[in-house]
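Everything on this sheet refers to the single structure shown next.
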Amino acid sequence: MLITGAVATTAGLVVAVPRLHDDRIPQAALLAAALFVASLVSVPAGPVSVHLLLNGVMGLVLGWAALPAVVVALVMQMAFFGFGGVLSLGVNAFNIGAPALLCGLLLRPWLRAAGARGAVAIGAVAGFVGVAGTAVLLGLSLTLSGEGFGPAARVIALAYLPLAAVEAVVSGAAIGFVRRVSPELLLGEEVR
Amino acid sequence: MALLGVTAYPTAGAAWLAERDPRLRIVGAVAFALTIVALQALSTLLVALVLASAGALLLGVPTGALVWRLLALEGLMLVLVVSLPITVPGPAAAHVAGVALSWPGLHQGAEILLTASAVMVGTLALLATLDAARLGYALARLHVPARLVHLFLFTVRYVGVLQGEYQRLRRAMRARAFVAGNNRHSWRSFGWLFGMLLVRGLERSRRVHDAMRCRGFEGRFRLAHDQHWERGDTLAAMVWLILLGALLGWEQL
């Protein structure tokens with residue numbers, strides 16, 4: 001499982017990294033840093049506080065660059081906080097990065113044409129898809145790595161549902177805000 | 001060399017380790033993790049965890065931080081470890097509220113918990129005590145693509161800046177009596193806050209980009225490295241290999 005994840009992430013990076021034009025590195029890095037900071041904020045969700053994944057927003061804002069950004073964020077988490085092991089990096093990056101890419105590739109073209117309200121809706125969809133996708137992939141990786149994990153995997157995946165709901169509201173607001181204040185951020189491949 | 005000065009535990013790192021080639025630590029951490037995953041006996045795993053913890057403390061990771069990280073990890077794994085004795089079939093070790101807890105399940109749960117803890121502590125000891133810039137340079141010298149390394153270094157550099165930006169914005173919200181609660185208003189406010197962070201990030205990236213252009217940036221940075229492989233590194237690598245080999249060998253006994 002760890003190997004499959006590592007291979008999938010590496011394959012994704014082989015496609016994504018050449019698309020990251022040198023001129024766009026500062027922009028991608030600053031946006032990735034902004035989302036990293038945002039994901040450290042604890043947001044109330046029901047009786048507990050949660051940290052948002054924001055991988056849906058990442059996909060919308062960064063497109064293909066979302067995958068390298070996820071890898072960088074995970075390496076930073078590992079190096080600074082000791083979260084996650086060196087070996088699970090590949091699986092984790094895939095579980096978070098693949099939904100981000102999905103949002104980026106499917107929803108970003110729509111976002112370009114969307115108005116202010118449409119942007120909120122698309123952001124909300126991306127927020128939900130990002131978290132739900134990660135929950136499903138996480139459950140799958142657990143189930144595939146051992147039969148005894150099945151029930152636990154389902155419990156863990158279900159626990160992501162409230163997070164997905166909160167993330168949808170927050171992501172929708174964030175994307176709607178950016179659409180109104182700085183639409184060029186969403187128009188993509190901006191090279192100055 | 002100008003370093004970013006971003007280290008999880010900056011006081012950490014015994015002098016002899018700080019002088020070692022940082023590539024050694026990265027490869028060492030991966031080798032350690034691979035070894036741990038290959039181990040199966042609970043006793044060996046426990047020994048590895050104790051060794052890793054001792055190493056982490058020796059290298060200057062604060063005791064409180066270590067305990068806190070471990071507790072956070074055990075919390076995450078709780079669902080998994082509690083469910084395994086119930087779901088894995090096998091002879092029952094005990095009955096709790098009419099549910100049989102199987103030996104293989106208990107064993108598997110303990111094994112996963114120890115494995116994850118040992119790998120995490122090992123990573124913490126070897127990588128969290130390393131300056132982020134050195135980590136980036138070392139990754140580049142391990143043939144990680146330069147663009148990825150640049151992205152990493154830039155992100156590390158500006159996380160602190162945007163953290164400050166976030167705190168300013170949050171203070172402004174507090175001044176307007178914002179208290180985070182379980183309601184649409186709060187979540188939308190967080191969304192706008194994150195949106196503002198993105199906008200500020202974009203503005204900042206333009207200035208960074210302009211500044212780079214002014215200095216003749218043409219798509220490549222030179223990656224400085226002031227540390228080379230020395231005899232001490234070979235020695236450290238050999239000691240490390242012997243240690244890992246001993247762990248693996250002990251289990252065969």
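Small disclaimer: the values here were computed from a predicted structure and weren't measured. In what follows, every chain begins at residue 1, and chains take the letters A, B, ... in the order their sequences are listed.
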| task | First locate atom CZ of A/F36, then atom CG of B/L162, and finally report the distance between them rounded to the nearest 0.5 Å. | result | 11.5 Å

| remark: One option among A/V71, A/V166, A/V181 has the most heavy-atom pairs under 4.5 Å with chain B, and it is A/V166

| task | Select, from B/R200, B/M196, B/R204, B/R170, the one with the greatest count of heavy-atom pairs under 4.5 Å involving chain A. | result | B/M196

| message | Quick check on B/Q108 against chain A: is it the side chain, the backbone, both or neither that has a heavy atom closer than 4.5 Å? | response | side chain

| field | Straight-line distance of B/H209 NE2 to A/L30 CG, nearest 0.5 Å | value | 11.5 Å

| Which heavy atom of B/G191 sits nearest a heavy atom of A/A173, and at what distance? | CA-CB, 3.8 Å

| Heavy atoms of other groups near A/I3 CD1, more than 12 under 6.0 Å | no

| Any side-chain heavy atom of B/R213 within less than 4.5 Å of one from A/D23? | yes

| task | Mark yes or no for whether B/W187, through its side chain, and A/P44, through its backbone, hold a donor-acceptor pair below 3.5 Å. | result | yes

| query | Is any side-chain heavy atom of A/V170 less than 4.5 Å from a side-chain heavy atom of B/F194? | reply | yes

| field | Side-chain touch A/V37/B/E165, heavy atoms, less than 4.5 angstrom | value | no

| request: Give the member of B/G160, B/A29, B/G181 that has the highest number of heavy-atom pairs under 4.5 Å with chain A. | output: B/G181

| task | Measure A/V17 against the heavy atoms of chain B and call it side chain, backbone, both or neither at under 4.5 Å. | result | both

| Closest approach of A/G46 and B/N182, non-hydrogen atoms and distance? | O-ND2, 2.5 Å

| field | Under 4.5 Å from a heavy atom of chain B, the part of A/S42 involved | value | backbone

| field | B/L148 to A/P68 - nearest heavy-atom pair and separation | value | CD1-CB, 3.5 Å

| message | Only pairs of heavy atoms separated by less than 4.5 Å count here; which of B/V121, B/L197, B/L151, B/V37 has the most with chain A? | response | B/L151

| Relative to chain B, which segment of A/V57 carries a heavy atom at a distance below 4.5 Å: side chain, backbone, both, or neither? | side chain

| remark: The reported gap from CE in B/M120 to CE in A/M78 (rounded to nearest 0.5 angstrom) is 12.5 Å

| remark: Rounded to the nearest 0.5 angstrom, the CD1-CG distance for A/I175 and B/L198 is 7.0 Å

| Contact part of B/Y166 toward chain A, heavy-atom cut-off under 4.5 Å: side chain, backbone, both or neither? | side chain

| request: Under 4.5 Å heavy-atom distance to chain A, tell me which part of B/I112 shows up: side chain, backbone, both or neither. | output: side chain

| task | Select one option (side chain, backbone, both, neither) describing which atoms of A/L13 are under 4.5 Å from chain B's heavy atoms. | result | side chain

| query | Does a side-chain heavy-atom distance below 4.5 Å link B/V199 with A/F177? | reply | yes

| said: Testing the basics here: between B/F190 and A/V43, what is the closest heavy-atom pair and its distance to 0.1 Å? | reply: CD1-CG1, 4.0 Å

| query | Which value, rounded to the nearest 0.5 Å, describes the distance between A/Q27 atom CD and B/R206 atom CZ? | reply | 7.5 Å

| query | Applying a criterion of heavy atom separation less than 4.5 Å, what residues of residues 96-104 of chain A form contacts with chain B? | reply | none

| note | Residues A/I25 and B/F154: closest non-hydrogen pair is CG2-CD1, 3.7 Å

